[in-house]
Amino acid sequence: MEPLQNEIKIAYADSMINELLHAIRETERNSSYNMHFNQGEEFFIELSSKIYVPKLPIHHDVKKAVPDADYISCLKDIIKQITGVIPECFQGLVYFFDPAEILKPSFYRLYKAENDIYLYILRLDLLARPFETETIEQGSNDLTSAYATQRLYMESELIPLDAVMSESGRIRAFRIKQLISQTWIGETGKGYMVSGVWMDNDLTKFFTKLFLTPGQRIYPYYPF
């Protein structure tokens, strides 16, 4: 089994977008929004006015660390709109491109508490939700729909770090501090019969039961 990649790599950070973020003043505040969770427990901010999200590419080669210029141009316009209405949410953050999450642009900030370093990551979910957005132009198999929305979906994480790795004065990667031992080995089986394999097989049964309603039985299959 290949070792887990306990690093978050910063292969590309766009200077134009980060200039927009850096220009946000610490005193900038906007109280004209509300914070909510939907029925799926996803967090979103309800704005007082709509923002426009243009068509964005759906596909991206995860091996390609640098995004296309058209994508960055569209993203810059989106960030410019958002920072104009909720500047305090992005103050002090730095944008970086995650090839695996092209529709979830990522932003980070480092915090230090005594001798520990923590990485705060904010991800902005730009995937169109048809029942919550106004479609301006239909998408295709390669591009998302252009839409207007008053809801911005976000997710955040606070991650303890072992190290911050730099090269020529630029941050290149964050090494995550592993707080629990590695117990995941892999999977066995095919199709619907795939089961998780752990060092402790009881963990597979435990996590599977978390997804099942009380009294439901699927023995001998524990897929989760």
Side-chain angles (χ1 to χ4, degrees), residues 8 10-60 65-111 118-139 143-159 171 174:
I8 298 175
I10 309 295
Y12 176 84
D14 187 76
S15 59
M16 293 187 297
I17 292 177
N18 283 324
E19 284 176 8
L20 287 175
L21 300 175
H22 184 70
I24 300 173
R25 298 188 300 273
E26 291 188 10
T27 55
E28 287 188 73
R29 294 288 185 272
N30 184 359
S31 59
S32 58
Y33 66 87
N34 297 305
M35 295 178 285
H36 304 274
F37 288 91
N38 65 11
Q39 290 181 329
E41 298 185 0
E42 295 175 300
F43 173 76
F44 68 89
I45 289 178
E46 184 95 35
L47 304 174
S48 58
S49 58
K50 292 182 180 180
I51 65 163
Y52 171 73
V53 178
K55 290 185 173 183
L56 294 170
I58 295 173
H59 310 291
H60 179 79
V66 179
D68 294 334
D70 289 344
Y71 169 79
I72 286 296
S73 178
C74 290
L75 186 57
K76 180 185 175 183
D77 290 340
I78 296 170
I79 300 304
K80 188 174 183 179
Q81 293 177 72
I82 294 175
T83 55
V85 292
I86 49 171
E88 59 268 44
C89 293
F90 291 84
Q91 195 274 325
L93 300 184
V94 177
Y95 165 74
F96 72 97
F97 177 66
D98 183 354
E101 295 281 8
I102 192 168
L103 293 178
K104 287 185 179 180
S106 301
F107 308 83
Y108 76 86
R109 182 173 183 173
L110 291 171
Y111 289 93
Y118 295 88
L119 175 67
Y120 170 74
I121 292 184
L122 176 70
R123 292 185 177 89
L124 177 64
D125 189 348
L126 296 178
L127 186 65
R129 289 168 165 80
F131 297 106
E132 301 179 18
T133 58
E134 176 190 352
T135 300
I136 306 299
E137 188 176 354
Q138 289 291 342
L143 296 171
T144 62
S145 298
Y147 65 92
T149 183
Q150 288 181 248
R151 293 187 174 186
L152 292 177
Y153 281 85
M154 300 179 179
E155 56 189 57
S156 61
E157 296 175 285
L158 192 62
I159 304 170
I171 294 176
F174 304 105

Go through it in stages, so that I can follow the logic: the residues are I171 and L110, the test is side chain to side chain contact (heavy atoms under 4.5 Å, CB included), and I'd like the CA-CA distance, side-chain angles, deciding distance and then a yes or no.
CA-CA 11 Å; I171 294 176; L110 291 171; 4.1 Å; yes

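- Rounded to the nearest 0.5 angstrom, I58 CD1 and L143 CG are separated by 6.5 Å.
- Heavy atoms only, all atoms of each residue included: Y12 and P67 are closest at CD2-CD, 3.5 Å.
- Among F90, F174, Y118, Y95, the one residue that satisfies the ring pair (Phe, Tyr, Trp, His ring centres under 6.0 Å) test with Y108 is F174.
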Please list, one pair per line, the donor and acceptor atoms closer than 3.5 Å that link side chains of residues 69-78 to other protein atoms, with sequence neighbours excluded.
| residue | atom | partner | partner atom | Å |
| --- | --- | --- | --- | --- |
| Y71 | OH | I102 | O | 2.6 |

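- A distance of 9.5 Å separates CG of L152 from CD of E46, quoted to the nearest 0.5 Å.
- Residues T133 and V53 have side chains not in contact (no heavy-atom distance under 4.5 Å, counting atoms from C-beta outward).
- Atom CD1 of I45 and atom CG of N34 lie 9.5 Å apart (nearest 0.5 Å).
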Chi angles and distances behind the side chain to side chain contact (heavy atoms under 4.5 Å, CB included) call for I10, V94:
CA-CA 11 Å; I10 309 295; V94 177; over 6 Å; no

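- Shortest non-hydrogen contact noted between Y33 and M35 is CE1-CG, 4.2 Å.
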Would I82 and L124 count as a side chain to side chain contact (heavy atoms under 4.5 Å, CB included) here? Give the steps.
CA-CA 10 Å; I82 294 175; L124 177 64; 3.4 Å; yes

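- Side-chain atoms of F44 and N38, non-hydrogen and from C-beta on, do get closer than 4.5 Å to each other.
- A salt bridge links E42 to R129: at least one charged side-chain nitrogen sits closer than 4.0 Å to a carboxylate oxygen.
- Using a distance-only test at 3.5 Å, with no hydrogens or angles considered, a donor-acceptor pair links the side chain of Q81 to the main chain of Y52.
- Checking side-chain atoms of S106 against main-chain N and O of F96 turns up no donor-acceptor pair under 3.5 Å.
- Atom CD of Q138 sits about 8.5 Å away from atom NZ of K55, to the nearest 0.5 Å.
- The two residues L122 and S156 have their closest heavy-atom pair at CD1-CB, 4.2 Å.
- One N or O on the side chain of Q150 and one on the backbone of L47 form a donor-acceptor pair closer than 3.5 Å.
- Between T149 and E132 the shortest heavy-atom distance is OG1-O, 3.8 Å.
- Distance check: Q91 CD to I86 CD1 gives 13.0 Å after rounding to the nearest 0.5 Å.
- Here the CG atom belonging to L126 is positioned 7.5 Å from the CD1 atom belonging to I51, to the nearest 0.5 angstrom.
- Salt bridge E134/K50: present, at least one basic N to carboxylate O contact under 4.0 Å.
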